[in-house]
Structure formats: structure tokens, C-alpha cells
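A short worksheet on the structure shown next.
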Amino acid sequence: MTESYQPQAIESKWQREWEATELYRSRVDWDKPKHYALTMLPYPSGDLHIGHWFAMTPSDARARWMRMRGYNVLFPMGFDAFGLPAEQAAISRNIHPWKWTYANIERMRAQLRSMGAMFDWEREAISCTPEYYKWSEWFFKRFFEHGIAYRGSALVNWSETLQTVLANEQVIDGKDERTGQPVQQKMMEQWFFRITQYADELLDFEGMDWPPSIKIMQTNWIGRSEGARATFHTEIGGHPIEIYTTRPDTLWGATFMVLAPEHELVKKITTAERRESVYSYLEQAGKQTEVERMLEDREKTGVFTGAYAINPVNDERIPIWIADYVMITYGTGAIMAVPAHDQRDFEFARAHDLPIRVVIQPEDMEEPLRDATMSEAYDGPGVMVNSDAMNGSRSTWQKGRKNPAINRVIDWLEATGKGRESVNYRLRDWLISRQRYWGGPIPMMYEGDQIVPVPDEDLPVELPEDVDFMPTGRSPLTYHEPFFKVSETARRETDTLDTFMCSSWYQLRYLSPHCDTAPFDAEEAAYWLPVDVYTGGAEHAVMHLLYTRFFTKALRDIGVYDEAAEAMRRHGRDPEGAFDEPMTVLRNQGQVLGAERQGDFVLCSGRMAGSRLMAERVEVVDWNQVPAGFEGVFGEIAHRTEDVLHVNMAGLTQFVEVQPDAEIIIPDIPGANNVNQLRHHLDIQRMSKSKGNVVNPDELVAKYGADVVRCYLMFNFDWQKGGPWNENNIKGPLGWLNDVWDIAMAGPPGSAGDAAAERDLERKLHQTIDVINRGLEDFSFNTAIAEQMKFKNALRAALRAGRIGAETWRAVMHRLIRLLAPFAPHIAEEIWARLGWEYSVHRQPWPQYDAEKAREDVVDLVVMINGKPRQTIPVAADIQRERAQELALASAAAQRFLQAGQPPKRAIFIPGRKGMDPKVNIVV
RNA sequence: GAGGAAGUGGCGGAAUUGGCAGACGCGCAUGACUUAGGAUCAUGUCUCUUUGAGGUGAGGGUUCGAGUCCCUCCUUCCUCACCA
């Protein structure tokens, strides 16, 4: 009896060996092609989650594959170590953020090592160390010098819960992205990065192999729109009010104006008799959070200021209103309202009895639009009317200058000085300062009303350790006099940097994490940049992934890459475009969801139809006793298909069809429930501690070994999609690795072997190599492993049949183990060593694919009748059109469908392209 | 409201991008070995009225041929959301 596969006995041994022999150190080598594979660095929250394994181990397999294929691969790891949780731990548990963070890093490092990934730990970077954040500060200073960083006043998102401001990207639905608590809009002076200056360049994804969805999300977030600005003036006082519009062709249809409640002119222009109602509206609007504004009924509220404006295009006198449907943060915070052609303005006009005037008349309607009879705004194409000299201009669906009417009006506005063409963006400047302790200090000081940067030689400004964490919610730095008091007259900035700034350049710090003369070593950068493949979650689409692109472009523009570009030229590489984008290829993994719920008990009542219960009422309960006197179906839900529940009732399966209007009671979900919610509740749920469905990778590794966990994660999901956890499925990869082990340990067979079987096995091996290559290239890890399982099955069958000789066995194993190495690095190393081959399997070249050897001699000719496959005929692989058609027409299937003696209408030959069988489609 | 992705067995998922739908695995069934089986091995496993026929959320269309392309719905997920 041979020894069985025991991962626990081999994994830590090899992990130590790999460390001791520096197997995964990556060094610049200009003679080898480089590959920078990067996976998003974790936040040191305390424990590695299964999601980290899901993101990282397939990325590791791919990096290993690239390495075996001859690339010099850099695959680093680090920690994004600043952030609020550390500070909250300090307050609630009285542990210093340093201690908490470093303890977590220690723990997670060990967990990361247990993956058996090829991380180069010599390049580890931790963003909360002074040697790291010194350079975050240094970048801030350079940005300040180049006008990219500035201090300014703006309406910002203030989180009362977190006691800090947040960037727009970190607010979702008016709530803070991390805690889900509402934020308020507040006028505050803060530090910003001028990301809007890069808006147009950020819209250009030329040459970037990123998921289309990410490109679309970023494009929408930037929100470029083309239109015009025009200046209206108040009738009294002549105050200018600038408006932005995408529809300058409707300027003649403006019947009133609307200012955002926060607009600076509001208080100036409001007349005495309107003051009371305007001020009470402002007060009411100011109290509302973003969430409340959205929860409000969609009725358009607003008040008249009493003031009028003159429309510059036709000198008309129109009333100025205030309404909260106009946002101060978009455009100019003021609009011209054209109710006939804008739905929001239309609703407002109807609600407040304001006039409506058609200025675009559609041509293809039976009835022309009339001011009085419109039931909704019309925003389609037509001809300009009621617009003086512009009448007759054709307005189309097109936007901006491409629309003839808009084009003509913009020209006219510019010629008459009444307005100008304008491009507007939804993107705001990046608010970078945080009123928190646990972040990189902002290297700035205030002296009187002067802003003074901390001199470079004083960097880094270090975070003081001896601070008091008080439950006031405010940063301890604001109480720490030795920190903020630089001199009698100078005060240090106590705000810190958004952690997203630190993670915007970590890919650069990995290149030389301990370099103390520059943020990164120019030679390293010249060789490794840009990142070739980046993997991570899609939740960073408009945060990290947008910020790091901006950061890269800003660094390029201020000359941070100049030295690296010089080094590239010296080594004969063209630096053109190398520093425009941080990552060439991006792929997002999906999310591993909690296990499917089973074992819910339900009470179902209704009427029986045959053996089926047509349920009018379904209640989910957490006890398993039949209530006294209950008539109906009670039991555990075994399965669900659509609306049919399979309920296990005392060993019998009962079918319950949930009626569309059935009453459904799910205690976890209050209020009226519907079938969808029931389905959802029973199906998949996100992993979370409160639901108790979190999967702990450490336990899995202890139970099955890291290789099995890695392979399970790669095999049982579409990696880019994710899916529900199901530990039952782990048996697949477990059985596979056991089988490979057993085949290897059994040693070469004693049989002589059979030439045809050996040739067939060789062919299958090459086909397998091809599929694995394609799978890894396309991040289709599941098919790559499926193909290896298939090959293992074929190998085992051939061995059992005694048709493989010792020599062939060895030659096959020599490649099989190398194919296994990227996926299951420990078992591959162990088998490699036991079969007597030289350390390490991970230094071996990847098995070469030979298309000639993969080719089949005999293939199945598929005979199709009207596109339906009916019969197959074994034929030579190189069969030609005439012969194939001849055989197909003579086949039994063809004879059955063809009337006696009748020729077919057509016979189409489809040659057997790569791995596909040839076909003849006969049309009868 | 706007934009995007997706819908395939009991389950996770394949289908080389328009060419034999359901690879591979889980589960299940039958059998073997066994005191035992949640071990191992073998065989089978889309459906049906089974010499054949039908089948990828529903309905249309394009094509010799559609899971794949086009149109109209339905459902789910994600992102943004009074964006002027």
C-alpha cells in the first residue's frame, strides 16, 4: 500500500524551502522579457477572507504560468494599512492603531504564506510606515507646487458618524460607502486634487485592455456633456446669472429660471415681500440630507424669489425661482427652465402654474405640439419655432455641435457675445483631506493666512504616537499640541490624507520599497512598468481605479518618470506611452457568496390540486415542530425550482406551488414579502458575520490543504463572475489531486505498453496543454482544470488497461506535473521531488504545445439534415469537400430524409477547424 | 428614470465566439467489494409517446445552420441617479 496524499505533511515544508532558496525573488534582468502581475493589496482587517483567496490564488496561478513560460515575473504583495477601522479599534478597545495594524499584518502575512503564492516578500510595502508615507507626502508637495493640489472652499460631504469629510466617490446614495450612514452637504475649506483637469484624458481608454463595464462606469462617472453657457441678468441690479445647458436651441423657450437653494445670489435678489417664504424654504432644504432629498416625494418643490431676469436671446422678462431639484454641485447651480422640452422643468411649471412655450416643433406628428395641451415635455427632434432669427433650424437627436440647431445657436451666441460653447463634467475635484488620525499627514503648515509647505528635508511629517483617543469623534491630532504647534505663529495641518491617495501609487513602491532617495528606483521602474496584468474587485471602478489612473498621469506631467524614461532609452526600450496608464490589462473577479441556504422550515397552506399544494400562504419558521391543528404542508425545504418548493415532510417530498398572490412571511424581512424575496431568502446571500455564513480559509486549509482550496476556487466558479459557496463541490478537486498523487506514487507500470495507446495519450496531452494555455490566457481557470481532470481520467484508464509502458509513463509524468505546478504548487513540487527530478518544478520551462502532435487522425464527420445533427461517420481528419459530401449523401440519415432518388437542395461542407469535427449540412 | 451585465440539467458551470448543447465536477441511481459505508471501484444520469423526435427565460426575425446575431417582452444582478 502506497502512502496517501497528505497535504498537511508537505505544504509548510515546501513553503519553508521556497523561502530558504529565494525561489520567488524577482530581479531586473534586461535579457528576459518582464511581466508585472499585480493583485489588489488587502486592508489589514485582521483575517484573510475567502474572497482574498478567490482573488489572489488564480492570479498567482497565472503569474506562475507566465514565469514557467520564460517571463521574468514580478508578483508583489503589501498592505493598504491606513484607515478608519484601526482608529475605531483604538477608541473601542484601547489598542493603538500601530499595534492593532501591525498585529493584523503579522497574522495576515502568515495566512498569505499559507496560500503558497509566489509573492516576492522582499518587495512588501506597507502604506502606514514612515518610509512609505514619506513619499505620499512628497507627492502631495509636488502636486501643490504644480497646482494639482490646492486648498479651496466647496460644498463637501460631511459624515457625522465618521467625523470627517469624504470624497464624492466614497458616497453612495447619499450615504457613506463604508458604514452606510447618511452624509450631509457642508460648505468647508479642504484640500483637493485637480482631477477634473484630467477629465478628458481619463475618458480615453485607447490601448487599455480593461473590462468594458469598468470603462463605461468611469465614463459615466466623469459625465462629460457638451452644450453652452449663457449669462442672464437680473432685471433689478443687473446681477449676472450664468447657466449651463445642453440644449441652447431651446433658449427661446425659457419661461423662468431656477437657482439651487445654495446659490450665492439667492439672498441678494430675493425681494422683501418674498423673503419670509424663501428663507423658510432655504432652511428646510438645508436641513435635509441627501438621503432625505431622495426619499422625498418626487413633487417639485420651490419658491419664487420675487426677482426677474432678462433672457439675453429675446430680452424677455422671466421670474427667478429657487428649487432643490437644481443642484449647486452640477453646472453653474442655476438653470434656465424650458418646460416644453425638459421633463423636470415641465413638472415644476405644472406644479407652480408657470407658462410653457413650444420652441421645437416635431415634424412627424399628426397634431403639432401646443403650449396648453402638452401632457409631458418633448425632447425629440424637430424644427426651431418662436425663436426669432433661428426659426427653421433643424434639431436632431444628436448632441452638441453635431446637432445643426445647437451648432447654429452656439455660433450666434458667440458672435453676439451672449454666450459660449461649453463642456461640462459631472466629475468633481478629488477631496483628499480627512479629519482623522490614522492616515498620512499632509505636509503643510499655516502661518497667518499663508500656507507653507514643510521643507523636503523634514519629510516625513511623522504621526505622533503619544496621542489620546477620545470618544469625541475628532482626530487626536487636533488635541496634540506638540504636533500642531510648530512655533508661536505657525500651526501644522492636522488633517490627513485619504487612504486612496496611498493606494494610488503602491504599484510603484513595490519596485523598491526601501528606497530612501526617491519614491521608486528609476532602473526598476524602467524595467517593470507599466503593470501588465492587474486583478481585483470591480467595486473600485470609480474610486481606486480612477484615482490611480489620474495619479499616473499627474506624475508623468510633473516629471516624476523622467529618470525612468531615460533608463528605458539606455536599455533600448521606447518609453513612449509607458507612463500614461498604470495598468495595461485589468480583470475583475466576481464575489464568492455565502452558501446556499437549506434547512429552512416552512408552513404552507392553500388548496390541494392533485398531489400538489397551491399555496396561498407560506411562512418561513425556525422551528421544526408541526403546530397543533395545522392543516397543510409543513417541513424542510429540500429544493426549489421557480415557484415550486420541494418540501420534505416526514421523509416524503411534497410539492408546493407558491401562488403569485400568496401571502409570504419571512421573519428576517419585515413587511409584505413576495415570491422573489422568498426565492432570494432561500437562495444566495452575501457572506457576512451577522449571517453566520462566513467561510474561514484557515480551517479549510487545515482540513484539505492549500492546493485543494486553490483548485476548488479556480475550478468551481467562473472567476470573473463568482457565485455561491458550496463545500460539497470541494470533493471534485480533492479527488483529482488524490488521483494524480496515486498515479504518481504507483510508479512506472510494469507493462510493455501499446504503441497506438501511447500515441493517443501523447495526442491528448498536447490537446490538454493547448486548452490550459488558452484557459490561463483568458482567466478561464475552471476550464483549464477541467481539461487536466479529463487527461488524468484518460491516463488512468490507459494505465489500468495496461497499455502504457514505463518510458511513456515517465515522459508523460514529467510534463503532467509541470502542468499542475501553477495550480497546485505544493503537491507538484512534492511529486516532482519524489520522482527524482531536480528542484524546483517551479523553475522548469512550461511544456511545449505541438499542434502536429495534438492532431487527430480520425474524426467524426457529422451529417446534419437542415442543421440538425443526425449521424456521425468516422473519417480521415484531412477529408476534403467532395469526399465528405459523397459520404454524407450516402449515409443512412440522408437516405431517410431524401425522397427516393431526389437530390438535396444543397449540401454544405464545414471543414473541421481546430479541434472541431467536419460537418456536412444537407438541406432537403 | 439612465446605463451596463446576465438568464443553459437537481446544483457549480462548459460550449474553441455562428457549426454534434450540457465538457469537467458535485449530487443522484444501479451494481461490485464490504460486518458497515458519508471509503473505493464500475456503469448510468436533459426530456419524451425512444427504428425516432424535441430541448438553452417567452415570442418573433436573419441564416444552410442560432445558447451565441437582430427586434419585442419577462426576470435577476450591478452602477449612476432631479446631471439642466
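Because only heavy atoms are used, hydrogens play no part in the values below, and waters and symmetry mates are left out as well, while side chains stay in. So you know, we letter chains A, B, ... as the sequences are listed, proteins then strands, and number each from 1. Just so it is clear, the model here is predicted, and its values are computed rather than measured.
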Grab the CD-P distance between A/Q720 and B/rA14 for me, whole Å please.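 Nearest whole value for this atom pair: 10 Å.
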Calculate the interatomic distance between A/Q218 atom CD and B/rG3 atom C1'; express it in whole Å.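 Result: 15 Å.
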Complementary nucleotide of [N], counting Watson-Crick and G-U pairs under 3.5 Å:
N: B/rC41; result: B/rG31
N: B/rU75; result: B/rA6
N: B/rU51; result: none
N: B/rG65; result: none
N: B/rU16; result: none
N: B/rC80; result: B/rG1

I'd like to know if the side chain of A/T332 reaches the main chain of A/E242, judged simply by a donor and an acceptor atom lying under 3.5 Å from each other, with no hydrogens or angles considered.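 Yes, because the side chain of A/T332 sits within donor-acceptor range (under 3.5 Å) of the backbone of A/E242.
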Do A/R357 side-chain atoms and A/W252 backbone N/O form a donor-acceptor pair below 3.5 Å?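 The answer is yes, because a donor-acceptor pair under 3.5 Å joins these two groups.
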Is the distance from OP1 or OP2 of [N] to the nearest side-chain N or O of [X] less than 4.0 Å?
X: A/K731; N: B/rG38; value: no
X: A/N793; N: B/rG25; value: yes
X: A/Y330; N: B/rA84; value: yes
X: A/R224; N: B/rC83; value: no
X: A/R344; N: B/rC83; value: yes
X: A/R870; N: B/rG54; value: yes

Quick check: on RNA chain B, is the nucleotide nearest A/R906 upstream (toward 5') of the one nearest A/K721, or the reverse? Name the residue that is more 5'.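 The 5'-side residue here is A/K721.
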Assign each of A/N782 and A/G333 to its nearest nucleotide of RNA chain B by heavy atoms, then name whichever residue's nucleotide is nearer the 5' end.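 The answer here is A/N782.
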For A/K399, is there an ion pair with A/E226 - N to carboxylate O distance below 4.0 angstrom?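 A/K399 and A/E226: not salt-bridged.
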With a non-hydrogen cut-off below 4.0 angstrom, is A/G775 in contact with a base, only sugar-phosphate, or nothing?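 No contact.
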Remember a base hit wins even if backbone is also touched, and classify A/N220 as base, sugar-phosphate or nothing at under 4.0 Å, heavy atoms.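 Answer is sugar-phosphate: A/N220 comes under 4.0 Å of backbone atoms only.
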With rounding to the closest Å, how many angstrom separate the [atom1] atoms on [N] and [M]?
N: B/rA14; M: B/rG37; atom1: C1'; value: 32 Å
N: B/rG9; M: B/rC26; atom1: C1'; value: 13 Å
N: B/rG54; M: B/rA66; atom1: P; value: 12 Å
N: B/rC70; M: B/rG52; atom1: P; value: 37 Å
N: B/rU43; M: B/rA23; atom1: P; value: 16 Å
N: B/rG55; M: B/rA15; atom1: C1'; value: 16 Å
N: B/rA21; M: B/rA6; atom1: P; value: 23 Å
N: B/rU63; M: B/rC71; atom1: C1'; value: 16 Å

Is the distance between the ring centroids of [Y] and [X] under 6.0 Å?
X: A/Y325; Y: A/F348; answer: yes
X: A/F717; Y: A/Y712; answer: yes
X: A/W736; Y: A/F791; answer: no

Enter the distance from A/I908:CD1 to A/R881:CZ here, rounded to the nearest 0.5 Å.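 Nearest 0.5 Å value for the CD1-CZ distance: 9.5 Å.
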Select one nucleotide: of B/rG12, B/rC24, B/rC41, the one nearest the side-chain heavy atoms of A/P724.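 Among B/rG12, B/rC24, B/rC41, the one nearest the side chain of A/P724 is B/rG12.
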Where does B/rG9 land, syn or anti, once you apply the within-90°-of-0 test for syn?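 Chi for B/rG9 falls in the syn range.
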Need the glycosidic conformation of B/rU17: syn if within 90° of 0, anti if not. Which one?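 Because its glycosidic torsion lies within 90° of 0, B/rU17 adopts the syn conformation.
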